[in-house]
2 protein chains.
Amino acid sequence: MGLRERKKLAAWRTIRSTALRLISERGFDAVSVEDIAAEAGVSRTTFFSYFPSKEAVAFEFDPLDLQRWRTLLEDDVDDDDRPLWEALTDLFVDVARLLSEWLPVQKRVVADCPGLANSARGSCDSFAPDLRAWIGRRLTDDDELRTALVFNTALAAFMTAVEVWDPDDSLDELLELVRTCLRWAGAGLAHPVS
Amino acid sequence: MGLRERKKLAAWRTIRSTALRLISERGFDAVSVEDIAAEAGVSRTTFFSYFPSKEAVAFEFDPLDLQRWRTLLEDDVDDDDRPLWEALTDLFVDVARLLSEWLPVQKRVVADCPGLANSARGSCDSFAPDLRAWIGRRLTDDDELRTALVFNTALAAFMTAVEVWDPDDSLDELLELVRTCLRWAGAGLAHPVS
DNA sequence: ACCGAAAGCTGAACTGAGTACAAGTTCTTA
DNA sequence: TAAGAACTTGTACTCAGTTCAGCTTTCGGT
């Protein structure tokens, strides 16, 4: 990793952590991009060269987390023998683990500024496409509809777990919630389960 | 309905249809709120008194549709004897019928301006809360998790149908897709269905 | 039909997000 | 170490969204 790349990641992280600090102190609306840039020691222009919008700085994933996530997917692609939904469940458990630091922050930001709920959803867009492709590869029949349905439903189940989870509770509770939600969604919601 | 209310609805519709026309002509980004207001014969300020944002004008539902939707829910609340998931499926079929004019427009707008995908999701927020409450009422046990899961999953299935549907195809195809998606999601996705 | 109150409309002036660009600085590589 | 690519910065701009004071229209009671 050359000097240039290292500096870039460092700048990214400085800007992001500064932003999160200010936002959690004053609230999202009360912090301007100007403020963040100044506090992080870069220009407004530079801020926008790192993040496409003010919202992005609050919701984008760390590049390294993203890389870890891709690795996770590639490692898992080999054992085609496991049932899809089982593998999917484990995958989401891993995602939850990966995002364990991240989720409480997100939830706090969204809680005090509900208008950001949409952007929060959008934050999944950075890792979701890979997952979708992964599902498509695993579903032998080349069924567009089924791929989309499995993907969207599994994601909805995951989001439900995140939504219901109380950040004050332990990480294990979240992981258990994720497993429960995916089990229910996989087993069928038409008939009540115990 | 007094004169005041009638005028208001009329203005709402004028602004909205003007906006949609301009947007479909020039694309979302190439139309300013100024343009829309001018073309609709109101001031910029008035525009923002009707719609909270430029995006909202492209995605908010017609007040009358919303009212019809609420009626639909109330009518359906009586027959508690039908299985929940069946009632839910019919409900979404009705929603699809209600939005049949609307969906193709949405899809076109989003297609030529992908950044709006999040806002498009948000458009469900106007009718979703009612649905969620409805589900909560139907689930006898007062289970927060289960309510959220059923709601999110059903919505995801519905969105999948919309996503896969080609607006050039007939409305019946959409309705059939909605039924298929909800059936699959309800029956359980863990095991492949024919 | 009239009047006071309430609701709606408007223009002006403001803040802040996001973009474009030209000029300067720092890293890379040959 | 020199040429060039990549990064940073200030400036100047457009446009979304808010606030507010003053005007017009509608409403309800008389």
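All chains are named by letter (A, B, ...) in the order of the sequence lines, taking the proteins before the strands, and each is independently numbered beginning at 1. Predicted model, so just to flag it, every value in this text is computed and none were measured.
Atom OG1 of T71(B) and atom CH2 of W69(B) lie 11.0 Å apart (nearest 0.5 Å).
Applying a 4.0 Å cut-off to non-hydrogen atoms, the residues of residues 28-45 of chain B that approach DNA chain D are V31(B), S32(B), V33(B), R44(B), T45(B), listed by residue number.
Mapped onto DNA chain D by nearest heavy atom, L3(B) and K7(A) fall at different nucleotides, with K7(A) at the one closer to the 5' end.
Listed nucleotides: dT9(D), dG8(C), dA5(D). Nearest to the side chain of R4(A): dA5(D). Comparing dT28(C), dG17(D), dT8(D) by their nearest atom to the side chain of S49(A) picks out dT8(D).
Counting heavy atoms from C-beta outward, E25(A) and L22(A) have side chains that approach closer than 4.5 Å.
Side-chain contact annotation: S49(A) with T46(A), donor-acceptor N/O pair under 3.5 Å absent. Side chains of D62(B) and Q67(B): a donor-acceptor N/O pair is absent below 3.5 angstrom, by distance only.
Residues A96(A) and L174(A) approach most closely at CB-CD2, 4.0 Å, considering heavy atoms.
In this structure, I15(A) atom CD1 and dT8(D) atom C1' are separated by 11 Å, rounded to whole Å. Following rounding to the nearest Å, F48(B) (CZ) and dG16(C) (C1') show an atom-to-atom distance of 13 Å. Taking atom CZ on R6(A) and atom P on dC27(C), their separation rounds to 10 Å, with Å as the unit. Rounded to whole Å, atom C1' of dG18(C) lies 12 Å from atom CD of E55(A). Atom CD1 in I23(A) sits about 15 Å away from atom C1' in dG16(C), given to the nearest Å. Atom CG of L9(B) is separated from atom P of dG8(C) by 13 Å (rounded to the nearest Å).
Electrostatic pairing of E163(B) and K107(B) does not count as a salt bridge here, judged by no charged N lying under 4.0 Å from a carboxylate O.
There is a path of hydrophobic side-chain contacts, each under 4.5 Å, that joins W102(B) to L131(B).
In this structure, Y50(B) does not reach the dG8(C) phosphate: none of its side-chain N or O atoms is under 4.0 Å from OP1 or OP2. The shortest distance between the side-chain N/O atoms of K54(B) and the OP1/OP2 oxygens of dC15(D) is not below 4.0 Å.
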